[in-house]
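Notes follow the structure.
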Amino acid sequence: MKTFLKILLTALAVIVLANILTGVEVSGYTSAIIVAIVIAALNMIVRPLLIFFTLPATIVTFGLFIFVINAVIILLADKLVDGFAVSGFWIALLFSVLLSIFRSILFSLLKDEKK
């Protein structure tokens, strides 16, 4: 159930960011949910491979290359989902940073308080 809520919250963040940023377009709520699922799948499958193969660049840049990897994940989602469009690399970079911030804020609302 928590995974489903995280997908919906990510879709909500995608819609909000598409309305804020001029270079990002989402055709509808269904496309936003598909984008959230694709981004989750890419983060599970492709992101670890990209981090492994670009480890020297990540070490040299003190981890800042992870931002580039996140932008590549957004661009891959752009290519895989028809109703989602990102105009370029810099917009994808900004979108990925803002999406991470929005997701961390929204996911903090889901945390259970353990006593």
Transitively linked via ILVMFWY side-chain contacts under 4.5 Å: [X] with [Y]?
X: Phe53; Y: Ile51; value: no
X: Val60; Y: Leu64; value: no
X: Phe52; Y: Val68; value: no
X: Met44; Y: Leu49; value: no
X: Leu55; Y: Val46; value: no

Pairs meeting criterion side chain to side chain donor-acceptor pair (under 3.5 Å) with involvement of residues 61-75, two or more places apart: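 Of all non-adjacent pairs touching residues 61-75, those that pass side chain to side chain donor-acceptor pair (under 3.5 Å) are Arg47-Asn70.
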Which pairs, with at least one residue in residues 83-93 and sequence neighbours excluded, count as a side chain to side chain donor-acceptor pair (under 3.5 Å)?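 The answer is none; no pair qualifies.
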With sequence neighbours left out, write down each residue that passes side chain to side chain contact (heavy atoms under 4.5 Å, CB included) with [X], or none if nothing qualifies.
X: Lys79; value: none
X: Leu75; value: Val86, Phe89, Ala92
X: Leu80; value: Val38, Leu42

Those residues that, when tested against [X], pass side-chain hydrogen bond (donor to acceptor under 3.5 Å, both in side chains) (two or more places apart):
X: Asp78; result: none
X: Thr54; result: none
X: Thr58; result: none

Quick check for you: to the nearest 0.5 Å, what is the distance between [X] atom [atom1] and [Y] atom [atom2]?
X: Ile73; Y: Ile45; atom1: CD1; atom2: CD1; answer: 10.0 Å
X: Leu94; Y: Ile20; atom1: CG; atom2: CD1; answer: 10.0 Å
X: Ile39; Y: Ile34; atom1: CD1; atom2: CD1; answer: 12.0 Å
X: Ile69; Y: Leu76; atom1: CD1; atom2: CG; answer: 11.5 Å
X: Thr10; Y: Leu5; atom1: OG1; atom2: CG; answer: 10.5 Å

Write down the atom of [X], the atom of [Y], and the distance for their closest heavy-atom approach.
X: Ala36; Y: Ala11; answer: CB-N, 3.8 Å
X: Ala13; Y: Leu99; answer: CB-CD1, 3.7 Å
X: Val81; Y: Ser31; answer: CG1-O, 4.3 Å

Connected-component partners of Tyr29 among ILVMFWY, side-chain separation under 4.5 Å: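 Ile15, all in the cluster of Tyr29.
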Which other residues end up in the same hydrophobic cluster as Leu8, if Ile, Leu, Val, Met, Phe, Trp and Tyr are linked when side-chain heavy atoms come under 4.5 Å apart?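 Traced through the cluster, Leu8 reaches Phe4, Ile7, Ile33, Ile37.
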My understanding is that only residues two or more places apart in sequence, or in another chain, count here; which of them pass ring pair (Phe, Tyr, Trp, His ring centres under 6.0 Å) with Phe65?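 Counting only residues at least two positions away or on another chain, Phe65 forms no ring pair (Phe, Tyr, Trp, His ring centres under 6.0 Å).
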Going by heavy atoms in the side chains, are Glu25 and Phe84 under 4.5 Å from each other?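 SC-SC contact between Glu25 and Phe84 ruled out.
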Any Leu21 side-chain heavy atom under 4.5 Å of Leu98 side chain: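 Result yes, sub-4.5 Å side-chain heavy-atom pair found.
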Exceeds 12 heavy-atom contacts within 6.0 angstrom, atom CZ of Phe67: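 For Phe67, atom CZ is not crowded (no more than 12 foreign heavy atoms under 6.0 Å).
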